[in-house]
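This chain uses plain numbering: 1 for the first residue, then up along the sequence. As the structure lists them, so they are numbered: ligands from 1, and atoms in each ligand from 1.
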Amino acid sequence: MDVEKVNAMDFGDFVAVFGNVIERCPLIAAAVWSQRPFSDVDDLDKRFCAFIDALPQSGQEGVLRCHPDLAGRELQQGTLTAESQREQSAAGLQSLSADERRRLAQLNAQYRARFGFPFVLAARLRDPAAVASELERRLHSPPAQELRTALGEVKTIGRLRLADLLRADPARL
Ligand SMILES: NC(=O)NC1=NC(=O)NC1=O
């Protein structure tokens, strides 16, 4: 899909296609739509990132809280969004042992208790061992630094999702 096609989308089509670029935050796509026309894919990606950066901390934490845990209840129950399901499966989180799942659940709970939002990582780029080691490492970050790191992962997930969508077969839309 080329950027001309994106620029020609009405509001409904744009949000239908890009509404989950940032997990469960269709408001961001709704806001970005009004900034068209976009010069290219990078410009579109930059608009999503700029919206997140411009949010007050409460809004940024809200974006993080919209993310399901890695290898959490939603993965077990099959209630993840299609994108999240693909990403978590790609990271091998679908086939963890009971001990590995328990360990991640314990670390996720410790992380959430310390920072007040869930641990967010661009899972598609990692394997289960890397997820656990990143979680253990970041668990000790200073809160202000961890907020920035977590938002960086949200942006990476968004950039990868945008790339998927723009590579998508136009006939699919
Ligand atoms: N808490 C998370 O990091 N969730 C996720 N990371 C991904 O790459 N997809 C998710 O759903």
What is the nearest protein non-hydrogen atom to atom 5 (C) of ligand 1, stated with its residue, atom name and distance? Leu70 CD2, 3.6 Å
Closer than 4.0 Å to some heavy atom of Ala122 - which atoms of ligand 1 meet that? 8 (O)
Could you check whether Gln145 and Arg148, counting side-chain N and O atoms only, form a donor-acceptor pair closer than 3.5 Å? no
Under 4.0 Å from a heavy atom of Gln88: give me the atoms of ligand 1 that qualify, with their elements. 11 (O)
Backbone or side-chain N or O of Ile157 under 3.5 Å from ligand 1 N or O: no
Under 3.5 Å donor-acceptor, Glu23 side chain and Ser84 backbone: no
When you compare ligand 1 with Ser84, is there at least one nitrogen or oxygen pair between them that comes in under 3.5 angstrom? yes
Where ligand 1 meets Pro68 - atom numbers and elements under 4.0 angstrom, heavy-atom basis: 1 (N), 2 (C), 4 (N), 11 (O)
What do the steps show when you test Arg24 against Glu74 for salt bridge (charged side-chain N to carboxylate O under 4.0 Å, His left out), and what is the final call? CA-CA 14 Å; Arg24 294 178 172 155; Glu74 291 210 55; 2.8 Å; yes
Beyond-backbone contact of Val6 with Arg36, side-chain heavy atoms, under 4.5 angstrom: no
Pro118: heavy atom below 4.0 Å from ligand 1, yes or no? no
Which atoms from ligand 1 have a heavy atom of Glu87 less than 4.0 Å away? 7 (C), 8 (O), 9 (N), 10 (C)
Check: Gln57/Glu61 side-chain N/O donor and acceptor closer than 3.5 Å: yes
Could you check whether Lys155 pairs with Asp53 (Lys NZ or Arg NE/NH1/NH2 to Asp/Glu carboxylate O, under 4.0 Å)? yes
For atom 3 (O) of ligand 1, closest protein heavy-atom neighbour: Leu121 N, 2.8 Å
Under 3.5 Å, side chain of Asn108 to main-chain N/O of Leu70, donor-acceptor pair present? yes
Return yes or no for this condition: an N or O of Ala123 is under 3.5 Å from an N or O of ligand 1. yes
Could you give me the CA-CA distance, side-chain angles and deciding distance for Asp45 and Arg161, then say whether salt bridge (charged side-chain N to carboxylate O under 4.0 Å, His left out) is met? CA-CA 10 Å; Asp45 180 47; Arg161 289 183 180 185; over 6 Å; no
With under 30° as parallel and over 60° as perpendicular, where do the rings of Phe14 and Phe48 fit, or are they tilted in between? parallel
Does ligand 1 come near enough to Asp69 that some N or O of the ligand is less than 3.5 Å from an N or O of the residue? no
Which of the ligand 1 atoms, numbered from 1, are nearer than 4.0 Å to a heavy atom of Phe119: 1 (N), 2 (C), 3 (O)
Do any heavy atoms of Glu23 fall under 4.0 Å from ligand 1? no
Here the atoms of ligand 1 under 4.0 Å from any heavy atom belonging to Val120 are 1 (N), 2 (C), 3 (O)
